[in-house]
Amino acid sequence: MPWRAGPGERADPYHVWLSEIMLQQTTVATVGPYFRKFLSLFPTVAALAAAPEERVMAAWAGLGYYARARNLHRCAQAVTARGGFPDTEEELRTLPGIGSYTARAVAAIAFDRPGVPVDGNVERVCSRLFAIEAPLPASRPRLAEAAARLGEDPAARAHPSDFAQALFDLGATICTPRRPACALCPWRSPCRARAAGTAEELPRKLPRAARPDRHGTAFLLLDDENRLLLRRRPPRGLLGGMSELPGTPWREAPWTAEEAQAFAPAATAPWQEAGDVRHVFTHFALTLRIRAARLPGGLPSAAGGAFLCPLDALENEALPTLMRRAVATGLAALGDA
DNA sequence: AACGCGGGGCT
DNA sequence: AGCCCAGCGTT
């Protein structure tokens, strides 16, 4: 993990903070390349603060939860304005995008302040160590209490940074969600769930609600200079501030071709069916039908918030993963893949 | 307290 | 193809 300090090294608060924001709801493997890209584009928190928001959003494109990127930028500006990162949990907690978990993680890892950051890994370890049978999310306060108790151990208080990171490593490599390696666990002897044979079943969770389906149609329109028609989404909400192909709203009922046609950016273009892209969001699953066309001559409606993006500049665009796939599907149908 | 918010990895 | 994973901000 490139954000980790080596033995005897001091962790860089910028690196710790950046990695912790990226790691919210996102796996280590996914974060790695983005972390390196951000350090190369924005070597310091001041450089990140000074960058235009679109550049930050474009660099974040594909990581998801785009409010994190906007808060990251605002937080960099607040930190730069006050001359550096605060070194206590309480002050960190007041910054944009920093909640109780991240405040404790940065305080502990970057500044060696006592306190246990409670993420999903730590909740899992604690639920097993103390055999907490109540299901999440109701058990969350009890799990936080258990984690805090661990942090009060004198050995933990002596090395808060090492303790926090060791706890993450334990959850990631030994006390895993499925098939935990209890035989290898340094805490196998005090672990109550291990004794009861219930480690693999914990933490229990309330069943979650079903994900509804939604449908939409998106239009890929290419002009004779290989420029693509895009538009910007509203700044807040789903995929807020990111770019997208123009298209219909997303609703529960599928769209007929005739209904969708009313939303086409050029009524007379030779539209062809390019196929469907399916994408699962947190709270619904989307089937997006792609229709593609090449329009010789100028585009009639690059107005209304829409703009043209040359195909070879697409990597600098703030295109979320869903829209990257939609573009790829449309281009393939046009024979431009 | 409940809800909105992406994407990738594993089986 | 389906299941699993999981912090912060807003309301």
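Note that these values count all heavy atoms, side chains included, but never hydrogens, waters or copies made by symmetry. Lettering follows sequence order; numbering is per chain, from 1.
For B:dC5, one of the phosphate oxygens OP1 or OP2 lies less than 4.0 angstrom from a side-chain nitrogen or oxygen of A:H283. A close approach under 4.0 Å does occur between a side-chain nitrogen or oxygen of A:R124 and OP1 or OP2 of C:dA6. For C:dC4, neither phosphate oxygen OP1 nor OP2 lies less than 4.0 angstrom from any side-chain nitrogen or oxygen of A:K205. Of the side-chain N and O atoms in A:Y66, one or more sit less than 4.0 angstrom from OP1 or OP2 of B:dG7. Residue A:H279 places at least one side-chain N or O closer than 4.0 Å to OP1 or OP2 of B:dG7. Checking the phosphate oxygens (OP1, OP2) of C:dG7, no side-chain nitrogen or oxygen of A:S100 falls inside 4.0 Å.
Regarding A:R278, its CZ atom lies at a distance of 15 Å from the C1' atom of B:dG6, rounded to whole Å. In this structure, the CE atom of A:M22 is 14 Å from the P atom of B:dG8, given to the nearest Å. With rounding to whole Å, A:L206 atom CG is found 14 Å from C:dC4 atom P. For A:L238 and B:dG4, the CG to P distance is 11 Å, given to the nearest whole Å. For the pair A:Y65 OH and B:dG7 P, the computed distance is 10 Å after rounding to whole Å. Between the CG atom of A:L63 and the P atom of C:dC5 there is a distance of 21 Å, rounded to whole Å. Straight-line distance from the CD atom of A:Q24 to the P atom of B:dG7: 16 Å, rounded to whole Å. Rounded to an integer number of Å, the gap from CZ of A:F284 to P of B:dG6 is 9 Å.
To the nearest whole angstrom, the two P atoms, one in B:dG6 and one in C:dT11, are 16 Å apart. Separating the P atom of B:dC5 from that of C:dC5 is a span of 23 Å, rounded to the nearest Å. Going from the P atom of C:dA6 to that of B:dT11 covers 15 Å, rounded to whole Å. The separation of C:dT10 from B:dG7, taken at their C1' atoms, amounts to 22 Å, rounded to a whole angstrom. Rounded to whole Å, the P atom of B:dG8 lies 23 Å from the corresponding atom of C:dG9.
In this structure, A:D162 has no salt bridge (charged side-chain N to carboxylate O under 4.0 Å, His left out) partners at least two apart in sequence or on a different chain.
A continuous path of hydrophobic side-chain contacts links A:L311 to A:L245 [ILVMFWY only; heavy atoms under 4.5 Å].
Looking at heavy-atom distances under 4.0 Å, A:P96 makes contact with sugar-phosphate atoms alone, never a base. The residue A:Q25 sits close to a base: some heavy atom pair falls under 4.0 Å. Backbone-only engagement by A:I98 is indicated by non-hydrogen atom pairs under 4.0 Å involving sugar-phosphate atoms exclusively. Residue contacts for A:I21: at a heavy-atom cut-off of 4.0 Å it reaches no nucleic acid atom on any strand shown. Within the 4.0 angstrom heavy-atom criterion, no nucleotide atom of any strand lies near A:R68.
Residues A:N71 and A:R68 bring no donor and acceptor atom of their side chains to less than 3.5 Å of each other. A donor atom on one side chain and an acceptor atom on the other are found under 3.5 Å apart for A:R291 and A:Q261.
Between C:dC4, B:dG6, C:dA6, one nucleotide has an atom nearer to the side chain of A:N121 than all others, and that is C:dA6. For A:N71, the listed nucleotide lying nearest its side chain is C:dG9; candidates were B:dG7, C:dG7, C:dG9.
Contact of A:T26 with B:dG6 (side chain to base): a donor-acceptor pair of N or O atoms is detected under 3.5 Å. Under 3.5 Å, the side chain of A:T30 and the base of B:dG7 form no donor-acceptor pair of N or O atoms.
Each of A:P137 and A:F281 was matched to the nucleotide of DNA chain B holding its nearest heavy atom; the match closer to the 5' end belongs to A:P137. For the pair A:V280 and A:R74, both in contact range of DNA chain C, the more 5′-proximal nearest nucleotide belongs to A:V280. Between A:R325 and A:G237, it is A:G237 whose nearest contact on DNA chain B lies nearer the 5' terminus.
By the 4.0 Å N-to-carboxylate-O rule, A:D169 lies close enough to A:R4 to be salt-bridged with it. We find that A:E200 and A:R179 are not joined by a salt bridge, their nearest charged nitrogen and carboxylate oxygen being 4.0 Å or further apart. Looking at A:R82 and A:E91, a side-chain N of the basic residue comes within less than 4.0 Å of a carboxylate O on the acidic one, giving a salt bridge.
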